[in-house]
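In listed order, ligands and their atoms are each counted from 1.
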Amino acid sequence: MSPSAACRGDFQNRHTSQLSKMLVLTFLLFGLSQVGSSRLCTYICQCYEHSDLVDCRARKLTSVPHGLPHGTWLLDLGGNVLTELRSRTFTGLWSLRILVLSESHIQQIHTQAFYSLSFLEKLDMSRNHISELPVDFSQSLSSLRELRLEHNALQQLVPPSLEHLESLEKLDLSHNNIHTLEPGTFRGLSRLRHLYLHSNWLGTIREGSFSMLPVLELLLLGQNNISRIETDAFAPLHSLALLGLEGNQLEHVKFKIFLNLHTSGTHLQLAGNPWSCDCDLHRVFSKILSVRHLHLDDYRNVTCREPWQLAGAALAGVDSQLCMAETATVLIITGAVLVTVIGALVTAEHNRKNKAKGWKEADTQDLQEK
Ligand SMILES: *[C@@H]1O[C@H](CO)[C@@H](O)[C@H](O)[C@H]1NC(C)=O
Ligand SMILES: *[C@@H]1O[C@H](CO)[C@@H](O)[C@H](O)[C@H]1NC(C)=O
């Protein structure tokens, strides 16, 4: 054998041995993953429909198990003790559409936790202890249509964290600890139709908080701490059909806030606020009731906190009296003006008569002298 042939043979041998090693490795990996998923499906979770549906509910799992079948379409990990979601936990689950992580004691979500879940449509993380979302939270979630984060400990939403949720239609952030909404928090959610923010601690609703939500139909802000709403806060919401503001700290509102809703029809809920009932408020509510595109759903339940004489009374029952003081004032002023005018007229008439008499007397005198 020539040295070159030997060399070639050696090369070929090495080549084939490498190839076979790779093949073996591939089979091994494939086999392992099969074994992994069958082990997972046998001992840890319940798998249905050829492992499309994987039920790992309430298994006392402290981390997301390995060996999840690659074709998993629905994965339920609710009721476990996961504590945190690490980076790339769900890598490779390209088929996943529904992921349930509710009631799993999750406190922390690391960056890239949902990496590669680009087809996920529904994510339920309700009833955990999540206090913040990583800035890149939404990066892989551009197919997500429903995100449930209710009953957590979220304090604020830092703007880019939701930005990539361009397919999102329903966002539940109720029962959290949110105090403020930065302008632009919901930027990018161009398909959002339902936004649940009730039972938080929002205080002031600022302009820009709800900008760029062109198809938002439902905005629930009840049971917050809202005492002030900036005039144009809801103006960009052209599709809003229901605005819930019940159970807040509103004493007064400007009519313009609602007039600025350029919609074909919006239902309002305003009961359960400590309304300070005066003539101004009466006017605001009368206008709301008279504008065709606004519907006040709970007017019968709108009650006064102030003044103390009216505490607990329904605004609907007392509203005709609220402007009475003002009416009385107007009457008194009108009366005073009338009296003055009449007085002036009488004096003028009196003067005129006196003058006429004076002339007459003068004329008589003249005549007598002649
Ligand atoms: C609720 O709002 C009031 C001001 O209107 C504020 O003093 C109070 O601290 C707020 N409560 C919470 C828990 O944020
Ligand atoms: C008014 O309040 C009562 C009692 O709190 C409740 O049962 C009813 O559903 C409320 N009505 C409206 C229209 O909100």
Side-chain angles (χ1 to χ4, degrees), residues 129-133 149-159 172-183 185-186 194-210 217-234 240-258 261 263 265-278 280-282 284-308 310-320 322:
H129 312 293
I130 301 163
S131 59
E132 59 180 352
L133 300 176
L149 280 162
E150 73 269 23
H151 291 278
N152 271 286
L154 289 170
Q155 292 183 354
Q156 57 173 350
L157 302 159
V158 183
D172 196 340
L173 293 163
S174 64
H175 299 273
N176 274 282
N177 248 324
I178 303 169
H179 279 74
T180 55
L181 292 173
E182 301 287 322
T185 300
F186 303 111
H194 296 177
L195 177 54
Y196 305 97
L197 275 164
H198 50 283
S199 300
N200 275 285
W201 282 106
L202 294 172
T204 298
I205 301 300
R206 280 198 258 136
E207 242 172 82
S209 302
F210 301 112
E217 292 165 6
L218 189 73
L219 176 57
L220 300 189
L221 291 166
Q223 281 76 42
N224 273 275
N225 190 32
I226 300 167
S227 55
R228 205 165 79 83
I229 301 170
E230 290 186 356
T231 313
D232 283 326
F234 303 125
L240 200 63
L242 176 62
L243 173 59
L245 281 164
E246 75 288 358
N248 276 291
Q249 293 299 324
L250 294 168
E251 295 174 12
H252 261 285
V253 278
K254 282 191 237 144
F255 175 58
K256 202 144 182 269
I257 294 169
F258 305 111
L261 279 167
T263 63
T266 305
H267 288 260
L268 303 172
Q269 292 171 349
L270 292 168
N273 280 285
W275 294 111
S276 175
C277 294
D278 55 18
D280 270 348
L281 193 75
H282 162 66
V284 171
F285 275 87
S286 323
K287 284 184 211 160
I288 292 174
L289 291 168
S290 67
V291 172
R292 192 142 40 97
H293 75 282
L294 297 175
H295 313 280
L296 189 50
D297 286 350
D298 54 3
Y299 184 48
R300 299 270 141 206
N301 281 0
V302 172
T303 52
C304 308
R305 164 86 54 92
E306 295 277 334
W308 62 267
L310 296 179
L315 181 61
V318 299
D319 61 357
S320 56
L322 289 173

> In this structure, are over 12 heavy atoms from other groups packed under 6.0 Å from Glu230 atom CD?
Replying inline: yes

>> When you measure from the side chain of Asn273 to the backbone of Leu245, do you find a donor-acceptor pair of N or O atoms at a distance under 3.5 Å?
In response: yes

> Between Asn176 and Glu150, what is the shortest heavy-atom contact and its length?
Replying inline: ND2-CA, 4.0 Å

> Relative to each other, are the rings of His175 and His198 parallel, tilted or perpendicular (30° and 60° limits)?
Replying inline: perpendicular

>> My question is simple, although I want it checked carefully: is atom 2 (O) of ligand 2 less than 4.0 angstrom from any protein heavy atom?
In response: yes

> Quick one: which of Val302, Asn301, Leu270, Leu296 has a heavy atom closest to atom 14 (O) of ligand 2?
Replying inline: Asn301

>> My question is simple, although I want it checked carefully: is atom 5 (O) of ligand 2 less than 4.0 angstrom from any protein heavy atom?
In response: no

> Under 3.5 Å between some N or O of ligand 2 and some N or O of Asp297?
Replying inline: no

> Please walk me through it: do Trp201 and Asn177 pass side-chain contact (heavy atoms from CB on, under 4.5 Å)?
Replying inline: CA-CA 6 Å; Trp201 282 106; Asn177 248 324; 3.3 Å; yes

> Do the ring planes of Tyr299 and Phe285 sit parallel (below 30°), tilted (30 to 60°) or perpendicular (above 60°)?
Replying inline: parallel

> Short check: is a protein heavy atom less than 4.0 Å from atom 11 (N) of ligand 1?
Replying inline: yes

>> Taking 4.0 angstrom as the limit and counting only heavy atoms of His179, give me the atoms of ligand 1 inside it, by number and element.
In response: 14 (O)

> Are the side chain of Asp298 and the backbone of Leu270 linked by a donor-acceptor contact shorter than 3.5 Å?
Replying inline: yes

> Quick one: which ligand 1 atoms are inside 4.0 Å of a heavy atom on Trp201?
Replying inline: 12 (C), 13 (C)

> For atom 8 (C) of ligand 1, what is the nearest protein heavy atom, given as residue, atom name and distance?
Replying inline: Asn225 ND2, 3.8 Å

>> List ligand 1 atoms under 4.0 Å from Ser227, heavy atoms only on the residue side.
In response: 5 (O)

